[in-house]
Amino acid sequence: MSLTAPLLPAAQALAADAAEIIVAYASGPADIPQAWEGLQLPHLQALLASLSPTTAVQGDEMDFSPPHERVLARAMQLPDTPGLIPWAAVAAADTAQACAFITPCHWHITPDQVHQTDPASAPLGEDESRQLLALIAPWFSDDGITLEYLRPDTWLARGEAFRDLATASMDRAIGRDVRPWMPDPIQGAVIQRLQTELQMLLYTNVFNDQRSHRGLAPINSFWVHGTGSLMQLPAGKPQAICVGDLGQPALQGDVQGWRQAWQALDQSLIATLQQRAAKGEAVKLTLCGERNAVTWQSKPQGLMDKIKSLFGAKPLPDLRGML
């Protein structure tokens, strides 16, 4: 799952025939090292043994943009500065104005933290999202920000407030305390004021009364992400596809779901890549975690490589540690 960068399911990645496959959240749910215990990925093990690794992104788990977004941005010839990859401008094909994504959300506020609930856990329907958009658009308009409906969980915003405003990917905030992920308090003053005003506006609004009657969490805030401006549109067909099958279970801390998703990926997309590599075709696979991304790609097979292959397959690398 990703609400910021364009990710595709593995089935579409297979059909796209891209030059590079990027796999997001390959290292597992954060802070759950046992996710890897006993996990068997035979096709990935065989594939990586035949390819050569290179670090593609070396970052930090507190970077506003996760590694898979930075790798994808580079492949699309976009700026890859964390927090300033202009995903919204790309989606809008807008080279004239600074853009952002706005995701309506529920913040669970306690004395100790402001917890970002996963929007998927209490989704908005299209009619409901459009109703909310009409309600709050005038508040944004007063600050020179226009809003446009894209889909129930994402609106497009345009305005100068987003031009150089670094914001954290939605993926970074889900299930976490939002405070470390807020934009710079001076540059993002308009955004933080709007968030405060909308908390008060929506606190007693009939919109949330209707959600409450259906047993849904109230919408009491929004997340700004994908900010920035675009000098020119990406040229040509994307050379890389980012696969998001592991994202949702990883972000939700669902160890069993993440393991099952990796095994399904191993039996489908990775198995196909392994077959291509075995035939001598060029293969480029980038695996991404919370901090780093590592690219494995085809290499010439020397005599020593062929001799080593006779002594059995190499074990799977410590991907959790690498990524």
Side-chain angles (χ1 to χ4, degrees), residues 1-10 12-13 16 18-30 54-93 98-103 116 118-120 150 153-154 156-157 162 164-176 178 180-183 223-231 233-234 238-251 284-295 319 322-323:
M1 172 177 57
S2 177
L3 297 177
T4 303
L7 272 65
L8 294 177
Q12 286 184 245
E20 177 181 7
I21 297 294
I22 303 165
V23 178
Y25 298 102
S27 62
T54 305
T55 299
V57 167
Q58 194 163 17
D60 186 275
E61 60 268 20
M62 296 304 295
D63 288 339
F64 273 8
S65 298
H68 64 270
E69 291 190 14
R70 297 181 63 191
V71 175
L72 182 59
R74 290 178 188 177
M76 295 173 66
Q77 298 184 329
L78 297 172
D80 74 330
T81 303
L84 283 171
I85 305 172
W87 295 119
V90 171
C99 299
F101 290 134
I102 303 288
T103 293
Q116 171 66 68
D118 185 348
L150 289 181
D153 59 11
T154 308
L156 176 69
F162 309 120
D164 297 308
L165 181 67
T167 55
S169 170
M170 189 75 212
D171 288 11
R172 289 303 209 190
I174 287 177
R176 294 170 171 169
V178 303
W181 302 103
M182 298 294 286
W223 195 250
V224 179
H225 51 120
T227 47
S229 56
L230 190 63
M231 297 295 292
L233 296 177
Q239 295 299 302
I241 296 293
C242 193
V243 176
D245 295 46
L246 306 179
Q248 184 168 343
L251 291 172
K284 188 175 183 180
L285 173 67
T286 299
L287 302 181
C288 308
E290 292 273 355
R291 299 173 292 113
N292 306 321
V294 177
T295 296
L319 295 179
M322 295 175 70
L323 306 178

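Remark: side-chain polar atoms of Trp181 are not paired, donor with acceptor, to backbone N or O of Ser169 under 3.5 angstrom. Of the possible donor and acceptor atoms, none in the side chain of Thr55 sits under 3.5 Å from a partner among the backbone N and O of Val294. With hydrogens and angles disregarded, a donor-acceptor distance shorter than 3.5 Å links the side chain of Asn292 to the backbone of Gly59. At least one donor-acceptor pair under 3.5 Å links the side chain of Thr103 to the backbone N or O of Asp153. Between the side chain of Thr4 and the backbone N or O of Met170, at least one donor-acceptor pair lies under 3.5 Å.
Taking all atoms of both residues into account, the shortest heavy-atom contact from Cys99 to Leu156 is CB-CD1, 4.1 Å. Across all non-hydrogen atoms, the minimal contact from Lys284 to Ala19 is CB-O, 3.6 Å. For the residue pair Thr167 and His225, the shortest heavy atom distance occurs at OG1-CA, 3.5 Å. The shortest non-hydrogen separation linking Phe101 to Ala91 is CZ-CB, 3.8 Å. Here the closest heavy-atom approach between residue Leu230 and residue Ala89 is recorded as CB-CB, 3.8 Å. In terms of heavy-atom proximity, Gly289 sits nearest to Pro67 at O-CD, 3.2 Å.
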Margin query: Evaluate Tyr25 against His68 for ring pair (Phe, Tyr, Trp, His ring centres under 6.0 Å), listing each step before the verdict.
Written below: CA-CA 8 Å; Tyr25 298 102; His68 64 270; 5.2 Å; yes
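Rounding to the nearest 0.5 Å places CG of Leu72 at 5.0 Å from CD1 of Ile22. For the atom pair CG (Asp245) and CG (Leu8), the distance works out to 9.5 Å, reported to the nearest 0.5 Å. Between Glu20 atom CD and Leu285 atom CG the span is 8.0 Å, to the nearest 0.5 Å.
Among residues at least two apart or in separate chains, side-chain hydrogen bond (donor to acceptor under 3.5 Å, both in side chains) pairs with a member in residues 72-86 are Arg74-Asp80.
Trp87 and Glu69 share a donor-acceptor pair across their side chains, judged by distance under 3.5 Å alone.
Scored by the side-chain hydrogen bond (donor to acceptor under 3.5 Å, both in side chains) test, Ser27 finds no partners at all (sequence neighbours excluded). Residues that satisfy the side-chain hydrogen bond (donor to acceptor under 3.5 Å, both in side chains) test with Glu290, not counting sequence neighbours, are Arg172, Arg176.
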